[in-house]
Amino acid sequence: MLKAICSRKELRSTSYYSCVDDIIGCRELDRLKDITHHISTTRFQHCVNVSYYSYIICRKLRLDARSAARAGLLHDLFYYNRKEYNSTREKKQPSHSSMHSQIALENAMLITDINPVEKDMIEKHMWPVTRPKPKYKETYIITIVDKYCAVMEFCVPKLQNVVNSVKR
Ligand SMILES: [Fe+2]
Ligand SMILES: [Fe+2]
């Protein structure tokens with residue numbers, strides 16, 4: 001089953017899926033399934049979460065929902081270990097925040113055509129931690145959804161543990 005966090009919907013049978021079906025099964029995204037992200041999820045699942053909720057919000061607001069779905073799925077397409085990078089980084093090297101979004105954009109461009117909205121969304125998804133500021137409304141949305149998903153990914157498993165321990 002392919003689901004976003006806090007949603008029961010099987011995404012393969014939704015209009016969302018038709019926006020990403022040519023890229024979601026590719027080898028480059030598959031590799032993200034083996035990488036832990038935000039402590040209790042995988043980088044692949046995080047990208048699905050950001051992709052799906054960015055798509056839903058952009059569709060509601062009549063913005064470019066297809067680009068939002070695609071950029072969300074590709075926005076963290078990088079493979080290095082964040083902690084290792086930060087611990088060995090020299091002062092003149094870019095921060096993880098600005099570096100991973102540039103690497104994600106380069107990797108995304110290797111697997112599909114990226115339009116200007118998608119490019120802006122991927123490379124600026126860390127705003128306001130990184131500069132310059134977004135050019136499109138869709139980019140502002142991914143910056144919020146990315147942070148919202150990070151909080152949910154961290155908190156939901158912990159809340160589930162609490163609920164399970166109370167049930168016992
Ligand atoms: Fe990111
Ligand atoms: Fe992210």
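Atoms within a ligand are numbered from 1 in the order they appear, just like the ligands themselves.
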Check: Can you list the steps and then say if His100 with His75 is a ring-ring contact (aromatic ring centres under 6.0 Å, His included)?
Finding: CA-CA 9 Å; His100 84 274; His75 82 286; 7.7 Å; no

At less than 2.8 Å, would any N/O/S atom of Asp76, backbone or side chain, sit next to the Fe ion (ligand 1)? yes

Hey, what's the ring geometry for Tyr80 with Tyr85, parallel, tilted or perpendicular (30° and 60° as the breaks)? tilted

What I want to find out is whether Asp22 reaches Arg70 closely enough, with some N-O distance under 4.0 Å, to be called a salt bridge. yes

For this session: Could you tell me whether the Fe ion (ligand 2) has an N, O or S atom of Cys149 under 2.8 Å away?
Result: no

inquiry  = Is His46 close enough to the Fe ion (ligand 2) that one of its N, O or S atoms comes in under 2.8 Å?
reply    = yes

Between Ser18 and Thr14 (side chain of the first, backbone of the second, donor and acceptor by atom type, cut-off under 3.5 Å), is there such a pair?
no

Checking distances from the Fe ion (ligand 1), one finds that the N, O or S atom of His100 closest to it is NE2

To the Fe ion (ligand 2), the closest N, O or S atom belonging to Asp146 is OD1

| request: Check the pair Tyr53, Ile5 against side chain to side chain contact (heavy atoms under 4.5 Å, CB included), reporting the backbone distance first and the verdict last. | output: CA-CA 9 Å; Tyr53 287 112; Ile5 191 166; 4.3 Å; yes

